[in-house]
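Per chain, numbering begins at 1; letters A, B, ... match sequence-line order. Since we're looking at a predicted model, the values are computed, not measured.
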There are 2 protein chains.
Amino acid sequence: MEVSPGHVRPGGRTARVREAVLAAAGDALAEQGFDHLDLADIARRAQVGKTTVYRRWGSITNLVADLLADMAEQSLPRTETGSLLGDLQANARLVQRTLSDQRQGRLFTAVIAAATCDPRTAEALRHFYETRIDEWAPCVQAAIERGELPADTDCREVIRAVSAPLYYRLLTVGHAPDEADADQAAEAAIAAARAGAYVKSWQQS
Amino acid sequence: MEVSPGHVRPGGRTARVREAVLAAAGDALAEQGFDHLDLADIARRAQVGKTTVYRRWGSITNLVADLLADMAEQSLPRTETGSLLGDLQANARLVQRTLSDQRQGRLFTAVIAAATCDPRTAEALRHFYETRIDEWAPCVQAAIERGELPADTDCREVIRAVSAPLYYRLLTVGHAPDEADADQAAEAAIAAARAGAYVKSWQQS
DNA sequence: CGCTTAACGGAACTGGAGACCCGTTTTGAA
DNA sequence: TTCAAAACGGGTCTCCAGTTCCGTTAAGCG
């Protein structure tokens, strides 16, 4: 992305431009969708010359990848309820609310679409989700220590199991999940985890 | 899609062209990805004038939607093993093999990307998955009748629960699931279903 | 076996997104 | 405060995917 020949200038204007362009890219992605993305349009929204966007990011693809990297930074802290069901429900509802939100939902589908078209973006998306999972996995670990789940349960897999049906709904069923879907996802993940479906090192047939 | 003023001619050449173009579109989608799709390229692959593609489908978007409709027709029959675990494992592995296949996997991600960008394509994709679920739901119904699952279990939801983690892996983790993932998905779906996570009419908090 | 016309294909046209040039503004260090 | 160069921005050009024109092929009916 940023080339640094000799001297870089991250101060003042540069940072302001980056912020404005990323915000504009997010808006454009949410409103227009991944295709229909237009360099000139993004520049107009950011009140920035389109040459600037072209020079700094080179392509729409790189811009989306950078946007994802930026999104990964802003990791919202998880809520601690003390019970596994409460924690996973909180997680499920957070995902559900995000995907149901007009802007955020469209943004996420657009970003996923972008990731399927470019390896760098795919890597950025992967990193984004790994970051989110890092944030929530500890609540599963705590449940293991309380004896609520098998000792060798794969914490990260449980968190993925909560998100999976919600994203599946959004992408293949076509519309965002509702609150009941979120609760169902949390319940199902716990039931499967209790039954040992997510224990590590599963070499069986 | 097809306009029919006065008289249509579905025979011979027309059918051959449609078949060739849909096949070419599938290849192009799998190789180039959803963006980078080129009308002229598809026409070249199908050994057909690009004017023809343009006139018959109007846009890439409609072509992909039509491809999906065509894919929904070719529903492969499910394998009956007699046990719920066997059936769901068969389903999970079928999905897993499909997504792991070089061509098919890329095709599916591309198609999903296309669906996020256009309502008609999204509807076609939804119909495709509904068709697949129709095919497999009966094996869950049979399990209910054998008393293996709660009576008011949502059969279709169980099938979705099998696919969800596999697609989630492909789209957000970035690479296709393996056979162990497939078995895990089947196990998890059964465990959750047994625990009553997929019973219908879940109006609780 | 013709004849009408739906459907196809080659080739030329066109609009707009991306690439670029060059003058202007901002940065940051001396 | 000064100044070299890093970064920005307006305007222009280029290239090619999508579109259209019109002559050609073949489907299907009498």
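With hydrogens and angles left out, the side chain of A:T51 and the base of D:dG10 share a donor-acceptor pair within 3.5 Å. For A:T14 against D:dC8, a side-chain-to-base donor-acceptor contact under 3.5 Å is absent.
Counting heavy atoms from C-beta outward, B:C139 and B:L88 have side chains that approach closer than 4.5 Å. For the pair B:E31/B:R103, no side-chain contact is recorded, criterion being any heavy-atom separation below 4.5 Å from C-beta on. The side-chain heavy atoms of B:R120 and B:N62, taken from C-beta on, include a pair separated by under 4.5 Å.
Looking at residues two or more places apart in sequence or on another chain, you find no side-chain hydrogen bond (donor to acceptor under 3.5 Å, both in side chains) involving B:D154.
For the helix from C:dC1-D:dG30 to C:dA30-D:dT1, the axis fitted to the five pairs at one end and the axis fitted to the five pairs at the other end meet at an angle of 40° (nearest 10 degrees).
Applying the 4.0 Å criterion to OP1 and OP2 of C:dC8, one finds that B:R56 has a side-chain N or O inside that range. For C:dT27, the OP1/OP2 oxygens have no side-chain nitrogen or oxygen of A:R13 closer than 4.0 Å.
Straight-line distance from the CG atom of B:L63 to the P atom of D:dT19: 13 Å, rounded to whole Å. The distance from atom CH2 of A:W57 to atom P of D:dA7 is 12 Å, rounded to the nearest whole Å. Atom CZ of B:R55 is separated from atom C1' of C:dT5 by 13 Å (rounded to the nearest Å). Rounded to whole Å, atom P of C:dA17 lies 11 Å from atom CD of A:Q32.
Here A:D134 pairs with A:R156 in a salt bridge; the nearest charged N to carboxylate O distance falls below 4.0 Å. Look at B:E135 and B:R132 and you find no salt bridge, because none of the NZ, NE, NH1 or NH2 atoms lies under 4.0 Å from a carboxylate O. Between B:E19 and B:R16 no salt bridge is recorded (no basic side-chain N to carboxylate O distance below 4.0 Å). A salt bridge between A:D181 and A:R169 is present, with a side-chain N of the basic residue lying under 4.0 Å from a carboxylate O of the acidic one.
Of the candidate nucleotides D:dG9, D:dC8, C:dC8, D:dG9 has the atom nearest to the side chain of A:V48. Ranking D:dG9, D:dT19, C:dT25 by closeness to the B:Y54 side chain, first place goes to D:dT19. Comparing D:dC8, C:dG9, D:dG9 against the side chain of B:T52 picks out C:dG9 as the nearest.
Heavy-atom distances under 4.0 Å link DNA chain D to B:D38, B:L39 of residues 34-46 of chain B, given in residue order.
Judged by closest nucleotide on DNA chain C, B:K50 is the one of B:K50 and A:K50 placed further toward the 5' end.
Between B:F108 and B:Y167, the two ring planes are tilted [angle within 30° to 60°].
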